[in-house]
Amino acid sequence: MKKSHNKGTLWFYIILVVSVLMVNPPILPVVNDFCKSHPLTGGWPTLFLWLEFWYLIMIIDFLVAAIRLKAWDCSKYDPDIKPGKRPKLGR
């Protein structure tokens, strides 16, 4: 059986993968070369702004997914489920 995902889940994964690639070695050396010639952007270190921008994109991506995606909706679970008691160890 083939499990289908909706477009929201697909976009979540695409944005997440692109964001992770933008802060890791495939892209980061190119950005670092640009940062050598332009160390500051608006008074802030250029590399810092680059990394913070993509981390912010990842955080927003997770927040939007948690709010909008049905697969992340925990209200479908039984609210009467209670956590079990752990046995006392060693005494």
Side-chain angles (χ1 to χ4, degrees):
M1 239 192 214
K2 197 176 189 183
K3 187 175 181 182
S4 65
H5 294 287
N6 61 9
K7 287 184 180 181
T9 305
L10 180 65
W11 276 108
F12 166 73
Y13 286 122
I14 289 172
I15 291 170
L16 185 65
V17 168
V18 168
S19 299
V20 169
L21 287 175
M22 290 299 186
V23 297
N24 282 301
I27 304 296
L28 206 54
V30 175
V31 175
N32 195 26
D33 290 339
F34 176 79
C35 293
K36 287 178 184 176
S37 60
H38 301 89
L40 295 176
T41 301
W44 289 83
T46 306
L47 186 59
F48 173 78
L49 291 177
W50 176 264
L51 293 174
E52 291 301 314
F53 171 76
W54 287 106
Y55 291 140
L56 184 66
I57 294 297
M58 283 187 242
I59 291 169
I60 291 170
D61 187 37
F62 273 103
L63 289 175
V64 169
I67 293 169
R68 295 186 133 202
L69 293 181
K70 290 180 183 177
W72 289 33
D73 184 17
C74 65
S75 64
K76 62 185 175 186
Y77 299 114
D78 185 15
D80 295 332
I81 296 175
K82 306 270 189 279
K85 292 185 179 181
R86 293 183 179 190
K88 292 183 180 180
L89 299 176
R91 291 191 187 194

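Computed from a predicted structure; not experimentally measured.
Cluster annotation: Phe62 is connected to Val23 through the hydrophobic network of ILVMFWY side chains, with a link wherever side-chain heavy atoms come within less than 4.5 Å. Tracing side-chain contacts under 4.5 Å through hydrophobic residues (I, L, V, M, F, W, Y), one never reaches Leu21 starting from Ile14; they form parts of separate clusters. No chain of hydrophobic side-chain contacts below 4.5 Å, direct or via other Ile, Leu, Val, Met, Phe, Trp or Tyr residues, connects Ile60 to Val20.
Applying the side chain to side chain contact (heavy atoms under 4.5 Å, CB included) criterion to Pro45, with sequence neighbours excluded, gives Leu40, Phe48.
Of the inter-residue distances, the one linking Ile59 atom CD1 with Leu56 atom CG reads 6.0 Å to the nearest 0.5 angstrom. A distance of 13.5 Å separates CH2 of Trp11 from CG of Leu16, quoted to the nearest 0.5 Å.
Within the structure, no pair that satisfies the side chain to side chain donor-acceptor pair (under 3.5 Å) test touches residues 24-37, not counting sequence neighbours. Evaluation of the side chain to side chain donor-acceptor pair (under 3.5 Å) test over residues 39-58, restricted to residues two or more places apart or in two chains, returns Thr41-Thr46.
A 4.5 Å side-chain heavy-atom check between Ile15 and Val18 finds every atom pair outside the cut-off. Side-chain contact check for Leu51 versus Leu28: some heavy-atom pair is nearer than 4.5 Å.
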Steps toward side chain to side chain contact (heavy atoms under 4.5 Å, CB included) verdict (Phe12, Val64): CA-CA 9 Å; Phe12 166 73; Val64 169; over 6 Å; no
Could you please spell out the steps behind the side chain to side chain contact (heavy atoms under 4.5 Å, CB included) verdict for Ile57 and Met22? CA-CA 11 Å; Ile57 294 297; Met22 290 299 186; over 6 Å; no
